[in-house]
Amino acid sequence: MSQITLTFPDGATRAVEAGTTAGMVAESISKSLAKKAISAQVNGAHYDLAWPIEHDATIAINTMQDEAPALELIRHDLAHVMARAVQEIWPDVKVTIGPVRDFGWFYDFDRAEPFTPEDLGAIEQRMKQIIAAREPVRTEVWSRADARAYYEAAGEPFKVELIDRIPGDEPIRMYWHGEWQDLCRGPHLANTGQIPADAFKLTCVSAAYWLGDSTRPQLQRIYGIAFRNRDDLKAHLKFLEEAEARDHRRLGREMDLFHMQEEAPGQVFWHPNGWTIYTTLQDFMRRKQRADGYVEVNTPQVVDRKLWEASGHWDKYQDHMFIVEVDEEHAREKAVNALKPMNCPCHVQVYNSGLKSYRDLPLRMAEFGSCSRYEPSGALHGIMRVRGFTQDDAHIFCTEDQIEAECARFINFLASVYRDLGFERFDIAFATRPEKRVGSDESWDHVEGALEAAIKSTGNPYRVEEGDGAFYGPKLDFYLTDAIGRVWQCGTFQVDPNLPERLGATYVGEDGEKHRPYMLHRACLGSFERFIGILIENSAGRLPFWLAPRQVVVASIVSDADEYVGEVVETLRRMGVRAEADTRNEKINFKVREHSVAKVPVILAIGRQEVENRTVTLRRLGEKATRVLSLDEASEEIGAEATPPDQH
RNA sequence: GCUGCUGUAGCUCAGAGGUAGAGCACUCCCUUGGUAAGGGAGAGGUCGAGAGUUCAAUUCUCUCCAGCAGCACCA
């Protein structure tokens, strides 16, 4: 037996026999560590305590204190425990795969009938019994042929397919949780009893395609969530509740922002309150873009298919377009149009009308472009994913040499927009050339280099997503993180030499010859609909004052105050504040409650004292305290707050 | 689009083979009340749409539409 050297986190080393396991190492250090150990990091890789270590390595023993590996193992073992529970209850159910995911895991089963919510209770019970049994988890490495034969005999076709998909150089690991067997890459806990039995919950069932492929069979998926202890589980359940309370569909109704109805699925009926947010946001974007050197255009909704054929979209996306056929009386053939699903081809038409010189570049052409896409019914989600929406779209026509500067300029612009909207942080994903692509490697080198240099010049961190770019050019995606930690992709920046080519865009260069411009697609918000949904959920309906649809309610306490209430409202309105009177025959308690529920940020109460002293009593949403201010002081304070951030 | 679930008053929901109920909201009356629901009365529904079974369907069956969750999709 050969000797290998293990190096511990503190730098200490130890010589052991090759084939020693992390479990044996823990045992040799101390009894208590052996008891607490759950897995190990061996050369940075997550190792099962039972896997042999064959070469010199660094090693660190994990315990439940090590959050990432602990959660990984707990969730992963629960996936297996759940699959075992399911097969114990329904022996004819076929197992497939059960990976760890955010907050928990899922496992896909092949079974004719879907699982019911009642089934989940039964499965959970059985899982607790399995955990309580504290049965050992055992692992063996098998030959591919043996494993294949084993699963063929067991009638588990999905496992056979999985084995065939495991790359040739990877070991085939067979695991046993007690008597129950599964194919798994591991690692796992040493016994089922190490799983905290009170910190998991099965959450829902659904269908999912085998291997995520919609042409393959549908399986029944069960989701679970799991944590290291009951408190963490409780905290997560609370988070889910919080997310539900922030749901923009619910707040949209409660705040009377918009509604949707059957006759126009996936399209928004904006109510006065919601439309106020929309137009305020749009006005803000218009000012920002104007200040950053954009020109604004507007282009048609109904466009002949010929243009979509020329742009290449007809081929690829016609199933997702709203088609408008028109029978013209003397026409030889029916005119087939599509509602525009995007603005780019139209912008090229604007660009193409009239000769462009290199002196005109870069040309930043913006449109609040209303688009229609026939999204699959299952994709629709409130105002976040709709069939009719308006993008804060713009295309920058420029030369190859201008790409870097334009990219940097855009990142700074976007950062400024996000900051004004209350998002201090955003993340950049840089998507590079895919395998299937057009254009020379030199050109890709140059454009990718330009984008990367641009990001670096702005000082923002970024991550690279290799091969995720479009077939014609690389792109940047910008992600926002909201108040409860959810991540939303909003902004985008995409380099496109393809569409100018297809649609024949040119400019006259210094040399007097025609050249092909690049087209940079870019958006900050994405769509107004979706972004407003995000703003609502991010703020839980308590929008920043300048965006709040109803900013101030001036509420009378006694009817003798009505006249002065009107005067206060008028004063505020003259300062551009969205103020309204509430002189209804209701008690102040009732009014405060109602406007608080409706998320009105400021309530001014007016009773006899205020009328007498020409003051107002100001109460802010979420605060119990009130302040008495003179009308002048109050209107100055509120007026300043109502000013959009770009106008301070 | 796929799988499952759901669709009853503006909202949240109960209900049953014999054409419907609650709370809140709404209207009116009383009350003029000092910071998160004062009291009373009234009005309001083709029970998502269509077809079938039945003496009788909102209730059972089928088809469609829409919504919800997940999957797939997102130029």
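These numbers were taken from a predicted model, which means no experiment stands behind them. In what follows, chains carry the letters A, B, and so on, assigned in the order in which the sequence lines appear, proteins first and then strands, with residues in each chain numbered from 1.
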Please state whether the rings of [X] and [Y] are parallel, tilted or perpendicular, taking 30° and 60° as the class boundaries.
{"X": "A/Phe397", "Y": "A/His395", "result": "tilted"}
{"X": "A/Phe103", "Y": "A/Phe227", "result": "tilted"}
{"X": "A/Trp275", "Y": "A/Trp270", "result": "tilted"}
{"X": "A/Phe426", "Y": "A/Tyr418", "result": "perpendicular"}

So what does [X] hit on the nucleic acid, given a heavy-atom distance under 4.0 Å: a base, only sugar-phosphate, or nothing?
{"X": "A/Thr116", "value": "nothing"}
{"X": "A/Ala208", "value": "sugar-phosphate"}
{"X": "A/Pro114", "value": "sugar-phosphate"}
{"X": "A/Arg249", "value": "sugar-phosphate"}
{"X": "A/Gln261", "value": "nothing"}
{"X": "A/Gly212", "value": "sugar-phosphate"}
{"X": "A/Val205", "value": "nothing"}
{"X": "A/Glu610", "value": "base"}
{"X": "A/Phe106", "value": "nothing"}

- Hunt down the Watson-Crick or G-U wobble partner of B/A69, both distances under 3.5 Å, from any strand shown, or write none.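 Pair assignment: B/A69 / B/U3.
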
Which whole number of Å gives the distance between the [atom1] atom of [N] and that of [M]?
{"N": "B/C5", "M": "B/C28", "atom1": "C1'", "value": "42 Å"}
{"N": "B/A43", "M": "B/C26", "atom1": "C1'", "value": "9 Å"}
{"N": "B/A41", "M": "B/A25", "atom1": "P", "value": "15 Å"}
{"N": "B/U46", "M": "B/U59", "atom1": "P", "value": "16 Å"}
{"N": "B/A16", "M": "B/G52", "atom1": "P", "value": "27 Å"}
{"N": "B/A75", "M": "B/G67", "atom1": "C1'", "value": "27 Å"}
{"N": "B/U63", "M": "B/C11", "atom1": "C1'", "value": "30 Å"}
{"N": "B/U58", "M": "B/G48", "atom1": "P", "value": "10 Å"}

Just N and O in the side chain of [X]: are any of them under 4.0 Å from OP1 or OP2 of [N]?
{"X": "A/Tyr317", "N": "B/C73", "value": "no"}
{"X": "A/Arg619", "N": "B/A36", "value": "yes"}
{"X": "A/Lys624", "N": "B/A36", "value": "yes"}
{"X": "A/Arg253", "N": "B/U12", "value": "yes"}
{"X": "A/Ser206", "N": "B/G4", "value": "no"}
{"X": "A/His595", "N": "B/U35", "value": "no"}
{"X": "A/Arg385", "N": "B/C73", "value": "no"}
{"X": "A/Arg250", "N": "B/C68", "value": "no"}

- Message: If you assign each of A/Ala605 and A/Tyr374 to its closest nucleotide in RNA chain B, which residue comes earlier from the 5' end?
- Response: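 Its nearest nucleotide being more 5', the pick is A/Tyr374.
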
Non-hydrogen side-chain atoms of [X] and [Y] separated by less than 4.5 Å:
{"X": "A/Val447", "Y": "A/Tyr518", "answer": "yes"}
{"X": "A/Phe115", "Y": "A/Val86", "answer": "yes"}
{"X": "A/Leu414", "Y": "A/Cys490", "answer": "no"}

- Task: Figure out the CZ/C1' separation between A/Phe269 and B/A66, and round it to whole Å.
- Result: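 Atom-to-atom, A/Phe269 to B/A66, this comes out as 13 Å.
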
- What about A/Tyr209: does its side chain form a donor-acceptor pair under 3.5 Å with the base of B/G1? yes

- Message: So if I take every side-chain heavy atom of A/Cys204 and compare against B/A69, B/A36, B/U32, which nucleotide ends up nearest?
- Response: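 Side chain of A/Cys204 sits closest to B/A69.
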
